Q: 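One structure, as structure tokens, below. Some questions next.
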Amino acid sequence: MKKRVAVIGYGGQGAWHCGQVLKSDVCELAGTYDIREVRREAAKANGIFVYENNEAIFADKTVDIIVVATPNDVHEDLVVNGLKSGHNVVCEKPVALSVEEFDRMCAAAKESGKVFTAHQNRRWDVDFRAVKQVIGSGEIGEVLRIESRIHGSRGIPSDWRCHKAPGGGMILDWGVHLIDQMLQLIPEKVTGVNCVCTNITNDEVDDGFRLELDFESGKTAHVEVGTYNFIAMPRFYMQCKDGSLYLTDWQQKAHVARLTAWCEKDVTPVQNAAGITKTMAPRDELTLDEYDIERLTSDVHEYYRNLCAAIDGKAEIIVKLPEVRRVLSVMEACFASNEAHQTLKVDI
Ligand code: NAD
């Protein structure tokens, strides 16, 4: 039988969840509630049942899953009340504004015995999956460094995201996705965090940031979000022991250059106006194999399929609470590093 889902908050993301659930093969939509009348009217106009208030959702025993899709500062109350009323709960990212807040939510989940997870949907992004696949295949050897960037050009959105109290800013909005992906790509202890925030279009919260992560084995990562970049840097750049990967943006295929031999016979010095260089001369096909990775396909409905199977005890939940906690810990370290203007030694 399909699981019944109620969505709290019918804004951009709440409406997206409703749409997904309506198309799902494992869930059906019970309804939604939003504190703003205009959004309740929009839901009704879309043929969606609108509850009287959030309490009516908590009281509805026919509901299996509550999805919390409100701004970040009200997640905790809604998640805890959802769990206490005996429902499984999915909370939008970032689940909490601090690790402390998150731990209170996890305690409520433990007490309820219900499934609680975060909507880290960007684990299904095909660009990220291409990088993961190349690492997993071992075709270009062990990772040395990964750089992950998202660049927009319109500044920080002018909604709640540009204010501190509701949990705005790009570390919390996009950083949460990119850091989560990076910890999946390099599954090691984080030992160092250096973060510099930008405030080009907004003084109250970060409208972008540049983050350096050090990992236990010496691997390093760069995570960057910009909202004032009129030419975007590549989405991914990865250096491995036996090759490199380059991915321009999420519409494109990943390009791989694989070292096939270590040989200096083919070096032709490169001439430029001021002189020649052999060190920076590009390799050719004698020692380098270059190819594109076919774009992968990804089915976002897998998120709800996995959730329903986990509720039935038939699968392990993909987005696990300790993983969500680590991402929150890194984000806390980002704010602290930016404040202190220095690299923080951490054990995350
Ligand atoms: P939004 O402003 O478009 O919508 C939020 C809605 O929540 C508003 O309509 C607001 O009236 C309503 N709301 C606020 N408090 C409420 C309450 N107590 N009870 C019921 N409704 C309430 O914001 P959004 O872009 O939809 O973001 C919502 C959440 O989704 C945020 O946590 C955001 O980070 C997340 N989000 C996730 C993704 C993703 O890809 N995973 C994408 C966008 C947003």
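Predicted, not measured: the structure shown is a model, and the values here were computed from it. Counting convention: from 1, in listed order, for ligands and their atoms alike.
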Q: Look at K44 together with E41 and state whether they make a salt bridge at an N to O cut-off of under 4.0 Å.
A: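 Salt bridge flag = yes for E41 with K44.
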Q: If every non-hydrogen atom of V256 is compared with every non-hydrogen atom of V134, which pair is closest and at what distance?
A: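 Scanning both residues completely, I find the closest heavy atoms to be CG2-CG2, 4.3 Å.
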Q: Does R235 form a side-chain hydrogen bond (donor to acceptor under 3.5 Å, both in side chains) with S148? I'd like the steps, not just the answer.
A: CA-CA 6 Å; R235 173 71 189 88; S148 165; 2.9 Å; yes
Q: Answer yes or no: is there a donor N or O on one side and an acceptor on the other, between the side chain of S329 and the main chain of R325, under 3.5 Å?
A: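 It does hold such a pair.
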Q: Quick check: closest heavy atoms across K93 and H75, and the distance to 0.1 Å?
A: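 Heavy-atom minimum between the residues: O-CE1, 4.4 Å.
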Q: Please tabulate protein-ligand N/O pairs under 3.5 Å for ligand 1, atom names and distances to 0.1 Å.
A:
| from | atom 1 | to | atom 2 | distance (Å) |
| --- | --- | --- | --- | --- |
| ligand 1 | 2 (O) | W160 | NE1 | 3.0 |
| ligand 1 | 3 (O) | G12 | N | 2.9 |
| ligand 1 | 9 (O) | D34 | OD1 | 3.3 |
| ligand 1 | 9 (O) | D34 | OD2 | 2.6 |
| ligand 1 | 9 (O) | R36 | NH2 | 2.9 |
| ligand 1 | 11 (O) | D34 | OD1 | 2.6 |
| ligand 1 | 11 (O) | R36 | NE | 3.0 |
| ligand 1 | 19 (N) | N54 | ND2 | 3.0 |
| ligand 1 | 21 (N) | I35 | N | 3.4 |
| ligand 1 | 23 (O) | W160 | NE1 | 3.1 |
| ligand 1 | 25 (O) | R161 | NH1 | 3.4 |
| ligand 1 | 25 (O) | R161 | NH2 | 2.8 |
| ligand 1 | 26 (O) | G12 | N | 3.3 |
| ligand 1 | 26 (O) | Q13 | N | 2.7 |
| ligand 1 | 32 (O) | T70 | O | 3.2 |
| ligand 1 | 32 (O) | N72 | OD1 | 2.6 |
| ligand 1 | 32 (O) | H75 | NE2 | 3.2 |
| ligand 1 | 32 (O) | K93 | O | 3.2 |
| ligand 1 | 34 (O) | K93 | O | 2.8 |
| ligand 1 | 34 (O) | K93 | NZ | 3.2 |
| ligand 1 | 40 (O) | N121 | OD1 | 3.4 |
| ligand 1 | 40 (O) | N121 | ND2 | 3.1 |
| ligand 1 | 41 (N) | E92 | OE1 | 3.0 |
| ligand 1 | 41 (N) | N121 | OD1 | 2.8 |

Q: Taking the six-membered ring for Trp, are the ring centroids of H177 and W174 within less than 6.0 Å of each other?
A: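 H177 vs W174: aromatic centres under 6.0 Å.
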